[in-house]
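Note that the structure is predicted; figures quoted are calculated from it, not measured.
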Amino acid sequence: MDLRAEVVIVGGGVMGTSIAWHLARAGVRDVVLVERDELAAGSTSKAAGGVRAQFSDELNIRLGARSLEAFGRFEQEVGQDIGLHRTGYLFLLTTPGQVASFEAGVRLQNSLGVPSRLLTPEEARRLSPLIRTDGLLAAAYSPDDGHCTPEAVVHGYAAAARAHGARILRHTEVTGIEVRGDTITAVATTLGRIAAGTVICAAGAWSRAVGAMVGVELPVRPLRRQIAVTGPVPGLPPTLPMTIDFTTSLYFHREGPGLLLGMSDPDERPGFATDTHDRWIPRLAEAMRRRAPALLDLPRTGGWAGLYENTPDHNALIGEAPHVSRFLYATGFSGHGFLQGPAVGEVIRDLYLGRVPFLDISPLSAGRFAADAPRPEANLV
């Protein structure tokens, strides 16, 4: 099968479908999205679904806040209910260094219109009654944050992109990108060749291999992260915020009648494995014992593993390659990609169309590592 496209997007998660919708809605003809599995089958469907603007880096704050606005109008604009719960994010802080860092973050967030604030341990417990306050010095909270359903976002974007004329090819793997001189001419796939002059890489944890096809270094390393789901929790307040013990990274939010919870595992090694294991459970139990002992009594009813797409400074790679025309990328979000999907789709649309985006994302170019200009993000989960 030989196809023609103006733009080929690689990856059918939140980034790829958001970009497809933004481009098609802007009138770009012949947008083709290629996904080797089902839509949202990669990291998006495995995400915890948190959406927030509480970051330490101005670019992340603005991408998060812009996306929160888009999630808020998603149903009326895109036509899909995404199960958005604006119950806030609550970061629990136990060291003076954390408090100082979040105080600076709240000042920056407030200057950019984000209504975050610091709370006392007692105020935090009123919001999240499952926690204990021993050793807590303060908490940071923003009521605008929350969580929603990642797959619903992807399927909403995909359906709306199709309605605007985009084509979506599932179960289609990109096997190569043809370049003549320094210009992209086509994308080779398991379904056949797609003649195209622009490729946009939104392949998440698998992006390094896509970049390598055109000689672009995308320093993304996959890392397994696990999530557990519990049985019903009696008396859970409907307004329970996403609660994060910043010292251990233990987090939980409501999921139906129970909780979804997770935590980073320092013993995890980079790789593409997404099978679940119980090696992280003793450390998880210890974090619960210290910060939310009521969680220890809850039965685990399920769980899954997915991949973070980490970069060396845990910040995204967004931009256009300078040495090959035209190769754009949006990847390496290091755990905060789902929540930035709407804003990044808008940015990539504008870069493609030659417009000035709402935000100068040039500091997030993949070339920053070669230029020794990393851009660290502190508020990682």
Name the atoms and distances for all side-chain donor-acceptor pairs under 3.5 Å in residues 44-65, with sequence neighbours left out.
| residue | atom | partner | partner atom | Å |
| --- | --- | --- | --- | --- |
| Thr44 | OG1 | Val14 | N | 3.0 |
| Ser45 | OG | Ala40 | O | 2.7 |
| Lys46 | NZ | Ala41 | O | 3.2 |
| Arg52 | NH1 | Gln54 | O | 2.8 |
| Arg52 | NH1 | Asn379 | O | 3.1 |
| Arg52 | NH2 | Asn379 | O | 3.0 |
| Gln54 | NE2 | Tyr89 | O | 3.1 |
| Gln54 | NE2 | Asp145 | OD2 | 3.0 |
| Ser56 | OG | Glu377 | OE2 | 3.0 |
| Ser56 | OG | Ala378 | N | 2.9 |
| Asp57 | OD1 | Leu59 | N | 2.7 |
| Asp57 | OD1 | Arg375 | NE | 3.3 |
| Asp57 | OD1 | Arg375 | NH2 | 3.4 |
| Asp57 | OD2 | Asn315 | ND2 | 3.4 |
| Asp57 | OD2 | Arg375 | NE | 2.7 |
| Asn60 | OD1 | Gln340 | NE2 | 3.1 |
| Asn60 | ND2 | Asn315 | OD1 | 2.8 |
| Asn60 | ND2 | Glu377 | OE1 | 2.9 |
| Arg62 | NH2 | Phe358 | O | 3.3 |

> Just by modelled atom types, is the Val114 backbone N or O under 3.5 Å from a matching donor or acceptor in the Asn110 side chain?
Replying inline: yes

>> Could you tell me if the side chain of Thr17 sits less than 4.5 Å from the side chain of Ile9, heavy atoms only?
In response: no

> Are side-chain heavy atoms of Leu284 and Leu261 found at a separation under 4.5 Å?
Replying inline: yes

>> Would the distance check show the side chain of His277 and the main-chain N or O of Arg279 forming a donor-acceptor pair, the cut-off being under 3.5 Å?
In response: yes

> Taking side chain as C-beta onward, heavy atoms only, is Val216 less than 4.5 Å from His323?
Replying inline: no

>> Would you say Val344 ends up clustered with Trp206 if hydrophobic residues are merged whenever their side chains have heavy atoms under 4.5 Å apart, either directly or through other cluster members?
In response: no

>> According to a hydrophobic-cluster definition based on side-chain heavy atoms being under 4.5 Å apart (Ile, Leu, Val, Met, Phe, Trp, Tyr only), do Val106 and Leu112 belong together?
In response: no

>> Test side chain to side chain contact (heavy atoms under 4.5 Å, CB included) on Leu295 and Thr230; report intermediate values, then the result.
In response: CA-CA 9 Å; Leu295 300 181; Thr230 77; over 6 Å; no

> What distance do Phe252 atom CZ and Thr243 atom OG1 have between them, rounded to the nearest 0.5 Å?
Replying inline: 4.0 Å

>> I'd like to know if the side chain of Thr331 reaches the main chain of Gly204, judged simply by a donor and an acceptor atom lying under 3.5 Å from each other, with no hydrogens or angles considered.
In response: yes

> At their closest point, which heavy atom of Tyr352 faces which heavy atom of Arg326, and how far apart are they?
Replying inline: O-NH1, 2.9 Å

> Can you name the nearest heavy-atom pair linking Arg349 to Leu23, along with the distance?
Replying inline: CA-CD2, 3.8 Å

>> Go through it in stages, so that I can follow the logic: the residues are Leu218 and Val210, the test is side chain to side chain contact (heavy atoms under 4.5 Å, CB included), and I'd like the CA-CA distance, side-chain angles, deciding distance and then a yes or no.
In response: CA-CA 9 Å; Leu218 296 176; Val210 177; 5.7 Å; no

> Are Ile131 and Leu250 linked, directly or through other ILVMFWY residues, by side chains that come within less than 4.5 angstrom of each other?
Replying inline: yes

>> Does any part of the side chain of Pro238, heavy atoms only, come nearer than 4.5 Å to the side chain of Arg254, both counted from C-beta?
In response: yes

>> Working to the nearest 0.5 angstrom, can you tell me the gap between Cys148 SG and Phe338 CZ?
In response: 3.5 Å

> Hey, does the side chain of Arg4 reach the backbone of Ala196 with a donor-acceptor pair shorter than 3.5 angstrom?
Replying inline: no

> Any side-chain heavy atom of Arg167 sitting closer than 4.5 Å to one from Leu3?
Replying inline: yes

>> If we ignore hydrogens and angles and just use 3.5 Å, is the side chain of Glu309 paired with the main-chain N or O of Phe333 as donor and acceptor?
In response: yes

>> Are Pro219 and Leu317 packed together at the side-chain level, in the sense that at least one heavy-atom pair is separated by less than 4.5 angstrom?
In response: yes

>> What's the separation between atom CZ in Arg125 and atom CG in Leu119, rounded to the nearest 0.5 Å?
In response: 15.0 Å

>> Using modelled atom types and a 3.5 Å cut-off, is there a donor and acceptor pairing between side-chain atoms of Tyr329 and backbone atoms of Ala366?
In response: yes

> Between the main-chain N or O of Leu136 and the side-chain N or O of Thr133, is there a donor-acceptor pair closer than 3.5 Å?
Replying inline: no

>> Exactly one of Arg225, Arg283, Gln226, Arg224 should register a side chain to side chain donor-acceptor pair (under 3.5 Å) with Asp265. Which one does?
In response: Arg283

> Where the side chain of Thr172 meets the backbone of Leu191, is there a donor-acceptor pair that is under 3.5 Å apart?
Replying inline: no

>> Restricting to non-hydrogen atoms, name the atom on Leu307 and the atom on Gly271 that form the minimum distance, rounded to 0.1 Å.
In response: CD2-O, 3.5 Å

> Considering all heavy atoms of both residues, which atom of Leu259 and which atom of Leu240 are nearest to each other, and what is their separation?
Replying inline: CD2-CD2, 3.7 Å

> Going through the distances and angles, do Glu173 and Glu35 end up as a side chain to side chain contact (heavy atoms under 4.5 Å, CB included)?
Replying inline: CA-CA 6 Å; Glu173 188 163 356; Glu35 164 56 49; over 6 Å; no

> So Val187 and Met213, side chain to side chain contact (heavy atoms under 4.5 Å, CB included) or not? Walk me through it.
Replying inline: CA-CA 10 Å; Val187 177; Met213 292 174 183; over 6 Å; no

>> If hydrophobic clusters are built from ILVMFWY residues whose side chains come within less than 4.5 Å, do Met15 and Tyr308 share one?
In response: no

> Under 3.5 Å, is there a donor-acceptor pair linking the side chains of Ser362 and Asp360?
Replying inline: yes

>> How long is the straight-line distance from OG1 of Thr94 back to CG of Leu137, given to the nearest 0.5 Å?
In response: 6.5 Å

> Which pairs with one or both residues in residues 67-76 pass side chain to side chain donor-acceptor pair (under 3.5 Å), sequence neighbours excluded?
Replying inline: Arg73-Glu77

> Which atoms form the tightest heavy-atom contact between Gly88 and Tyr141, and what is the distance?
Replying inline: CA-CE1, 3.9 Å

> Is a side-chain donor or acceptor of Ser334 paired with a backbone partner of Thr311 at a separation under 3.5 angstrom?
Replying inline: yes

> Which heavy atom of Pro143 sits nearest a heavy atom of Arg117, and at what distance?
Replying inline: CD-NH1, 4.1 Å

> Quick one: does Thr189's side chain get under 4.5 Å of Leu169's, heavy atoms only?
Replying inline: no

> Looking at CD of Glu151 and CG of Leu39, how far apart are the two atoms once the value is rounded to the nearest 0.5 Å?
Replying inline: 11.0 Å

>> Rounded to the nearest 0.5 Å, what separates atom CE in Met263 from atom CD1 in Ile244?
In response: 13.5 Å

> Under a single-linkage definition using a 4.5 Å side-chain heavy-atom cutoff for Ile, Leu, Val, Met, Phe, Trp and Tyr, are Ile184 and Leu351 assigned to the same hydrophobic cluster?
Replying inline: no

>> With a 3.5 Å distance limit and no angle check, can you tell me whether Thr175 reaches the backbone of Thr190 through a side-chain donor-acceptor pair?
In response: no

>> Parallel, tilted or perpendicular: which one describes the rings of Tyr157 and His22, with boundaries at 30° and 60°?
In response: tilted

